[in-house]
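Heads up: the structure comes next, in structure tokens.
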Amino acid sequence: MNLWNEGDPIADAAAPDGPIETRWERRKFAAKLVNPANRRKLTVIVIGTGLAGGSAAATLAEAGYRVRSYCYQDSPRRAHSIAAQGGINAAKNYRNDGDSIHRLFYDTVKGGDFRARESNVYRLAQVSVNIIDQCVAQGVPFAREYGGLLDNRSFGGTQVSRTFYARGQTGQQLLLGAYQAMERQIGLGNIEMFARHEMLELIIVDGRARGVVVRDLVTGEISTDFADAVVLASGGYGNVFFLSTNAKGCNVTASWRAHRKGALFANPCYTQIHPTCIPESGTHQSKLTLMSESLRNDGRVWVPLARGDSRKPGDIPEAERDYYLERIYPSFGNLVPRDIASRAAKNVCDEGRGVGPGGLGVYLDFADAIARLGRHAVEEKYGNLFEMYQRITGEDPYRVPMRIYPAVHYTMGGLWVDYDLQSTIPGLFVVGEANFSDHGANRLGASALMQGLADGYFVLPNTISNYLASGPFEKLSPDHADVVAARAGVEDRLAKLLAVDGDRTVDSFHRELGHIMWEYCGMERTEEGLTKAVGLIRGLRDEFWARVKVPGTGEQLNQNLEKAGRVADFFELAELMCIDALHRAESAGGHFRAESQTPDGEALRHDDEFSYVAAWSYGDVPTLHKEQLDFEYVHPSTRSYK
Ligand SMILES: Cc1cc2nc3c(=O)[nH]c(=O)nc-3n(C[C@H](O)[C@H](O)[C@H](O)COP(=O)(O)OP(=O)(O)OC[C@H]3O[C@@H](n4cnc5c(N)ncnc54)[C@H](O)[C@@H]3O)c2cc1C
């Protein structure tokens with residue numbers, strides 16, 4: 001049976017051509033404006049209050065639009081962005097170490113293994129410099145050097161120091177900045193905030209995104225809300241793997257509901273596996289913990305030279321250690337990009353040289369840094385991360401090396417958007433991790449915060465006006481046939497989940513789905529494994545709808561019901577991820593097909609066949625639409641960090 005069909009190609013009609021340096025300026029100039037007096041007649045719904053949604057809502061409200069903002073947490077400032085640790089990139093070149101907008105652009109296109117759009121990435125690099133100024137003006141306490149200037153450190157895939165940070169709490173500090181900006185607008189009455197509300201459906205009228213169906217998570221009440229445009233800033237879907245570094249609530253529902261209604265989903269198989277996470281400690285675990293990539297600035301990664309060496313790390317002499325990243329990749333050393341570091345860790349563990357329980361770990365050792373800089377300096381930079389590690393593992397990383405292993409961390413795939421960040425549904429815009437836009441097949445560290453804030457503070461507020469200039473649109477009533485149908489669909493689905501009344505918990509299904517995904521669509525993928533996974537997922541999905549047990553009712557706080565809806569969507573997404581991974585018979589960044597590797601085991605792309613964005617439309621058999629990628633400024637080459 002055909003697993004997918006091929007449809008018409010798709011193009012990004014919003015992107016200007018001509019010199020790349022002026023594309024963004026020219027797009028902004030060409031975009032229609034809405035005059036300030038008319039803005040207050042226009043309403044925008046923003047789903048999500050993380051860095052992307054929070055910055056977008058605050059900026060749109062500041063510009064004069066009416067904003068209605070939703071999140072499922074009890075406060076906007078508990079969005080998952082709060083967990084971001086290591087930093088945010090910007091091409092400020094404060095270190096005078098050769099950085100520039102062009103270099104950040106180049107590093108990002110190359111880091112993404114030549115599977116991202118040049119126009120988008122160039123704009124991201126341009127806007128990066130404004131983000132830092134914006135955040136400093138808000139009072140975000142970035143780390144500073146002794147003289148008071150903003151400090152920088154390095155992240156993977158770069159040879160300059162362009163990462164701004166606030167210890168290991170950068171996301172928290174940035175989110176507090178965006179949240180304060182939002183709160184100001186909430187206070188002024190320009191944003192209406194609905195916390196603990198989950199969007200369960202998109203409302204489309206006359207082909208335009210016009211609203212959402214939401215469930216009040218406390219009372220269970222279902223309601224509809226209307227606007228002139230809808231912005232999804234609902235984050236990534238790494239939790240399809242069950243175990244990931246993401247917050248437990250992260251899910252794909254908002255994006256998936258839009259996908260089912262016609263929004264194309266791009267590159268769903270591009271998942272980032274982060275090399276430095278605390279290894280799994282047992283089957284009881286429901287979440288994994290990241291140890292920020294910033295630690296690779298000073299920590300050295302190694303394993304014993306000999307297989308099965310079970311001596312304590314301190315008992316293994318230097319000559320019997322393999323600092324394998326420094327050995328294999330001398331130019332970038334411990335700061336190779338994440339996809340490369342993760343695969344290298346897997347390889348040494350597969351060879352039987354892994355450390356810790358089950359041999360699924362490698363050391364991240366700070367002994368040299370402590371000897372060189374002193375304990376105090378290391379504590380200053382990474383204190384909270386060391387403390388977190390010690391609390392979780394019971395080991396003191398100032399004395400013994402950390403043990404780390406790769407884990408699912410970020411999803412480069414997401415809803416397809418054009419240069420304006422508009423999806424294939426008119427009026428539906430997608431920002432932050434929820435869209436697929438800028439990272440190609442692999443995201444470089446500290447680039448997600450940059451992209452989320454670029455989208456929210458600078459890009460969307462400029463591009464959405466071009467769409468809103470045609471509004472306000474027809475006033476909608478809850479009795480409109482399309483609204484009634486969308487609402488009924490949500491109610492039926494919730495009733496169906498409750499009615500199964502089976503004998504297996506939602507979590508048990510989610511965990512099993514995650515195992516399938518990790519095994520067959522994780523760090524290494526094969527045609528055989530992916531084909532098998534599609535069958536396993538379908539079988540498990542059928543079992544889910546026959547046996548899931550959702551206790552309680554829909555008219556109350558019911559976290560099992562919330563989870564059940566999200567897991568039901570993960571099943572459908574998981575199948576599409578495997579199909580996407582299956583069709584892409586090349587290796588690129590986070591997508592490593594065992595059949596496509598160089599003689600020394602590196603990812604082998606096939607640019608002649610796969611230099612495109614894979615944008616999928618929904619259907620029992622999904623349809624592939626290819627967006628061809630052209631590289632005028634950074635020519636695809638074999639990506640080498642050696
Ligand atoms: C542990 C960790 C550390 C990280 N560290 C870094 C770092 O140092 N630097 C870096 O650049 N990146 C980092 N990242 C990645 C980065 O944090 C995320 O990619 C980014 O914060 C995502 O922001 P967002 O605004 O797109 O989504 P999120 O912050 O995930 O926000 C999603 C929002 O959508 C809402 N939402 C979702 N679905 C619905 C729905 N159906 N209805 C209503 N509301 C909904 C949620 O309530 C939430 O408000 C890290 C990620 C992790 C997991």
Side-chain angles (χ1 to χ4, degrees), residues 45-57 69-90 131 153 155 163-175 178-179 182 193-202 212-215 217 231-239 244-247 249-258 272 274 276-278 287-294 338 385 388 407-412 414 430-435 439 443-456 562 565-566 569:
I45 288 175
V46 181
I47 303 295
T49 58
L51 285 173
S55 58
S69 168
Y70 287 85
C71 72
Y72 58 72
Q73 287 93 349
D74 56 358
S75 156
R77 70 174 188 278
R78 298 193 69 171
H80 158 67
S81 291
I82 200 112
Q85 299 174 350
I88 174 167
N89 287 331
I131 297 172
R153 56 190 176 196
F155 263 58
T163 307
F164 295 77
Y165 66 99
R167 272 234 203 144
Q169 306 172 343
T170 316
Q172 179 176 349
Q173 300 307 331
L174 292 172
L175 190 60
Y179 168 74
M182 258 187 95
M193 181 68 228
F194 302 90
R196 302 191 90 174
H197 280 71
E198 183 166 21
M199 167 192 161
L200 295 179
E201 193 54 279
L202 179 71
V212 291
V213 182
V214 294
R215 178 167 181 269
L217 298 180
V231 178
L232 295 188
S234 43
Y237 52 83
N239 279 349
S244 87
T245 61
N246 290 192
C250 293
N251 69 90
V252 78
T253 289
S255 296
W256 196 255
R257 296 284 117 197
Q272 176 158 90
H274 197 299
T276 55
C277 304
I278 299 181
K287 153 140 205 26
L288 294 172
T289 306
L290 175 76
M291 285 288 105
S292 166
E293 180 163 307
S294 58
R338 294 174 180 178
L385 300 172
M388 190 157 64
V408 171
H409 179 64
Y410 182 90
T411 44
M412 280 76 69
V430 191
V431 293
E433 193 172 339
N435 73 26
H439 308 293
R443 174 177 72 81
L444 293 182
S447 289
L449 303 185
M450 173 172 69
Q451 182 226 327
L453 291 181
D455 287 359
E562 293 166 29
R566 294 170 192 166
D569 289 333

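Note that ligands are numbered from 1 as they come in the structure, with each ligand's atoms numbered from 1 the same way. The basis for the numbers below is simple: all heavy atoms, side chains too, and nothing from hydrogens, waters or symmetry mates. Computed from a predicted model, the values in this text were never measured in an experiment.
The backbone N or O of Leu51 sits less than 3.5 Å from a side-chain atom of Ser81, completing a donor-acceptor pair. Within the 3.5 Å criterion, the main-chain N or O of Gln169 finds no donor-acceptor partner in the side chain of Gln85.
Within 6.0 Å of CZ on Arg153 lie more than 12 heavy atoms contributed by other residues, nucleotides or ligands.
Atom numbering of ligand 1 starts at 1 in the shown order; those under 4.0 Å from a heavy atom of Ser447 are 11 (O). Residue Tyr410 approaches ligand 1 through these ligand atoms, each under 4.0 Å from one of its heavy atoms: 19 (O). Distances below 4.0 Å separate heavy atoms of Ala52 from the following atoms of ligand 1: 25 (O), 26 (O). If you number the atoms of ligand 1 from 1 as listed, the ones under 4.0 Å from a heavy atom of Gly235 come out as 26 (O), 27 (O), 30 (O), 32 (C). Close approach to Ala84 involves these atoms of ligand 1, each under 4.0 Å from a residue heavy atom: 3 (C), 4 (C), 5 (N), 6 (C), 7 (C), 13 (C), 17 (O). Each of the atoms 46 (C), 47 (O), 48 (C), 49 (O) of ligand 1 lies under 4.0 Å from some heavy atom of Gln73. Of all the atoms in ligand 1, the ones that sit under 4.0 Å from a non-hydrogen atom of Gly86 are 7 (C), 8 (O). Which parts of ligand 1 touch Gly48 is read off a 4.0 Å heavy-atom cut-off, strictly below it: atoms 33 (C), 34 (O), 35 (C), 49 (O).
Residue-level proximity to ligand 1 for His274 is absent, since no heavy atom of it falls below 4.0 angstrom. No part of Glu293 comes within 4.0 Å of ligand 1, judged by heavy-atom distances. Residue Ala233 touches ligand 1 through its backbone alone, judged by heavy-atom distances below 4.0 Å. At a heavy-atom cutoff of 4.0 Å, ligand 1 is contacted by the side chain of Leu290 but not by its backbone.
Side-chain contact annotation: Gln272 with Thr411, donor-acceptor N/O pair under 3.5 Å absent. Side chain to side chain, Asn251 and Glu562 fail the donor-acceptor criterion of an N or O pair below 3.5 Å.
Residue Ile47 places a heavy atom less than 4.0 Å from ligand 1. By the 4.0 Å heavy-atom criterion, Thr170 is excluded from the residues contacting ligand 1. Between Ala83 and ligand 1 there is a heavy-atom distance shorter than 4.0 Å.
Note: no N/O pair closer than 3.5 Å links Phe155 and ligand 1 by distance alone. Among the atoms of Leu51, some N or O lies under 3.5 angstrom from an N or O of ligand 1. In terms of polar-atom proximity, Gly87 is counted as a contact of ligand 1, with an N or O under 3.5 Å from an N or O of the ligand. For a threshold of 3.5 Å applied to N or O pairs, the pair formed by Gly236 and ligand 1 contains no separation below that value.
The aromatic rings of His197 and Tyr70 sit perpendicular, their planes meeting at an angle over 60°, well past the 30° parallel limit.
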